[in-house]
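First comes the structure, then the notes that go with it.
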Amino acid sequence: MPEQDLILARREKLARLRERGIDPYPYTFSRTHTAQELREAFRGLPPAQHTGVEVAVAGRILAFRRMGRAAFADLHDRSGKIQVFAAPQTLGAEGYEFWLDVLDLGDWVGVQGEVFTTKTGELSVAAQEIVILAKSLRPLPEKWHGLRDVETRYRERALDFLTNPKAREILIARAKILRTIRNHLDARGFIEVETPILQPLPGGASARPFITHHNELDRDLYLRIAPELYLKRLLVGGLEKVYEIGRNFRNEGISSEHNPEFTALEAYEAYTDYQGMMELAEGLIEACVLAVAGTSRLEYQGRWIEFSRPWRRVPLLELVAETSGCDVEKPLPELVEDLERRGIPIPEHLKRGPRGKVIEHLLEICAEKTLWNPTFVLDYPLDISPLAKRKRDRPDLTERFELFIAGKEVANAFSELNDPEEQRSRFMAQEKLRAQGDEEAQRVDEDFLRDLELGMPPAGGIGIGIDRLIMILTDAPSIREVLAFPLLR
RNA sequence: GGGUCGUUAGCUCAGUCGGUAGAGCACCGGCCUUUUAAGCCGGGGGCCGCAGGUUCGAUUCCUGCACGACCCA
């Protein structure tokens, strides 16, 4: 039947409710039990028992079984489902006919009546009174298969959540993971802060920003691509251990691992370095794994991930040399030639350098997908790490790591660069790349440099992609599964 | 950006080697007082993604486009 006709039929029922003086969208309902509370309170009640206990339950009707002079409905609330039994004896002959006539699948109702078990043992409420709490005007997906079509699932998320318990469970797990992260950091003396999302200059990452405009100031502002520079300024301000969990915005493509707005954790801790950040990451993520799985291993897309510590640590250059089979310390033109001889093509725009980008590219195409158990990849080239301190014995590298789990980049961390003069020259090098057409190159942030000149204590800092972490912890194949409302084309 | 596959009723899916389409659920009507995807009988419901082309005739074949999934870059 055309959707419009199905909607029309429901509107007619809505009209019938109103004709009877019933408000189909009332204000409140006092329930005594959730479905789960009822199950717990009457656990073990044998079949065909009457209790004499009156309760009031509420929820959405997701199934009807009508059999003439009696009917059953499944009432779903957040905690689960409870069966409602309706018959003329308790509702009155006229009331019974009326409610059977005007209720549809999807309607929200409140039901008051006696708790009993049917002869098959199903805990039920025998309706003495039915209240409509909200009339549903649109038809629901098929009860057995539910809503499968992924495009509709993402475009009509409310319908997806009401149909697919798994979709709701991911959001619940998400809340649990975020709570675990906050508890873990709070317990270690970190202060949760909030820094600007609207920024005069986008900084702290290599990415293209979204641009917006402030009318009163008549000035363009950017949605942040990272909170990094502001959080470091709080280290200058003496906060010592800070973190922020919030949304970043990057004007980039959409894929199963990218959404233009995504949630990141950034944490900064004075008096430590990237080694300290590895320990922090291990402890934090292990706590999350324990919270959702109860053990330190879990299955992602059919493969087990082992989270027991310590995690593998491998220098980036070593990893890339191993997987590409090339001497990656060679000068750039020779390296590119060598790679192409081995059938590893390098995109044109990377051939001019900086060489760090070629190394990073090799990591992405040769190694990333093989890093299944948590792996810290260490010591990134200086030219692609403008905010990280130089590695102590290798001035062309930095003390920086990325963490990979299940082939996904989950975290990025440094020994934070706190020498204001070197920071300025790193920014200048980035500006040069920008002038050569690299739109992702970072910009000179004078406000940040001024604060660095006040003195920032030595510190380690880390950024963790929360959505990807949640994907791994909830066995979600796409970032869209872990976002309440993913951006679609 | 390239390749492969997909788009048919509100939902889940069949199908047409080219002759304007089916099922189950949902919906509507009837029977049914203990069901659990209830059951039985009957009914209505479709621009077969969009636009061109080939053809007497296209949902089916061809081309392009849109959207999606997966793989590759």
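Note: hydrogens, waters and symmetry copies are ignored here, and every other heavy atom, side chains too, is used. Each chain gets a letter, A, B and so on, in the order its sequence line appears, and its residues count up from 1.
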In whole angstroms, how far is the C1' atom of B/rA38 from the CH2 atom of A/W144? 13 Å
B/rC47 versus B/rU36 - spacing of their P atoms, nearest Å: 35 Å
Between B/rA9 and B/rG46, how far apart are the two P atoms, rounded to whole Å? 11 Å
Does A/Q430 reach the side chain of A/R443, with side-chain heavy atoms less than 4.5 Å apart? no
In the strands shown, is B/rU4 matched to any nucleotide by a Watson-Crick or G-U wobble pair with both distances under 3.5 Å, and which? B/rA69
B/rU12 to B/rG52 separation - C1' atoms, rounded to the nearest Å: 32 Å
State plainly whether the residues A/D396 and A/K391 are in salt-bridge range, i.e. N to O under 4.0 Å. no
Indicate whether any N or O donor in one side chain lies under 3.5 Å from an N or O acceptor in the other, for A/N248 and A/E261. no
Looking only at atom C1', what distance separates B/rG18 and B/rG53, rounded to whole Å? 15 Å
Atom-pair distance (CG on A/L62; P on B/rU36), nearest Å: 18 Å
With a 4.0 Å cut-off, would you call A/D379 and A/R394 a salt bridge? no
Modelled atom types, side-chain donor and acceptor of A/S206 and A/Q442, under 3.5 Å: yes
P spacing across the pair B/rU33 / B/rG44, given as an integer number of angstrom: 28 Å
Hunt down the Watson-Crick or G-U wobble partner of B/rG24, both distances under 3.5 Å, from any strand shown, or write none. B/rC11
Rounded to the nearest Å, what distance is computed from the CD1 atom of residue A/I254 to the P atom of nucleotide B/rG1? 13 Å
Taking CD from A/E122 and P from B/rU35, how many angstroms apart are they, rounded to a whole number? 11 Å
Round to the nearest Å and state the distance from A/D160 atom CG to B/rC11 atom C1'. 13 Å
Would you kindly give the CG-to-C1' distance between A/L147 and B/rA9, to the nearest whole Å? 16 Å
B/rA38 OP1/OP2 closer than 4.0 Å to side-chain N/O of A/R65: yes
A/Y274 and A/F414: CA distance, side-chain angles, deciding distance, side-chain contact (heavy atoms from CB on, under 4.5 Å) verdict: CA-CA 5 Å; A/Y274 77 149; A/F414 328 132; 5.6 Å; no
Rounded to whole Å, CG of A/N164 lies from C1' of B/rC11 at a distance of 12 Å
Base, sugar-phosphate, or nothing: which does A/D74 touch, judged by heavy atoms less than 4.0 Å apart? nothing
Pairs under 3.5 Å (N/O, protein and nucleotides 65-68 of chain B):
from   : atom 1 : to     : atom 2 : distance (Å)
B/rC67 : OP1    : A/R489 : NE     : 3.2
B/rC67 : OP1    : A/R489 : NH2    : 3.4
B/rC67 : O2'    : A/E151 : OE1    : 2.8
B/rC67 : O2'    : A/E151 : OE2    : 2.4

Less than 3.5 Å apart, any donor N or O on the side chain of A/S124 or A/Q83 sitting next to an acceptor on the other? yes
Mate of B/rG39 where both pairing distances stay under 3.5 Å, Watson-Crick or G-U: B/rC31
If you measure from the C1' atom in B/rU7 to the same atom in B/rG49, how many Å do you get, rounded? 6 Å
How would nucleotides 26-33 of chain B be written as a contact map, 5' to 3', with B for base contact, S for sugar-phosphate-only contact and - for no contact, using protein heavy atoms under 4.0 Å? SBS---BB
Specify the residue among A/Q83 and A/D149 whose closest nucleotide of RNA chain B lies further upstream toward the 5′ end. A/D149
Nearest-Å distance once atom P is located in both B/rG10 and B/rC48: 11 Å
Do A/Q128 and A/E114 have side-chain atoms, one donor and one acceptor, less than 3.5 Å apart? no
Pairing partner of B/rC48 (Watson-Crick or G-U wobble, both distances under 3.5 Å): none
For A/R400 and A/N412, does a side-chain donor sit closer than 3.5 Å to a side-chain acceptor? yes
A/R148 atom CZ is separated from B/rC25 atom P, nearest whole Å, by 17 Å
Under 3.5 Å for both donor-acceptor distances, Watson-Crick or wobble: does B/rU16 have a partner, and if so which one? none
Please walk me through it: do A/T117 and A/Q49 pass side-chain contact (heavy atoms from CB on, under 4.5 Å)? CA-CA 5 Å; A/T117 49; A/Q49 296 292 307; 3.5 Å; yes
Under the ring pair (Phe, Tyr, Trp, His ring centres under 6.0 Å) test, residues paired with A/F427 that sit two or more places apart: none
Between B/rU35 and B/rC40, how far apart are the two C1' atoms, rounded to whole Å? 15 Å
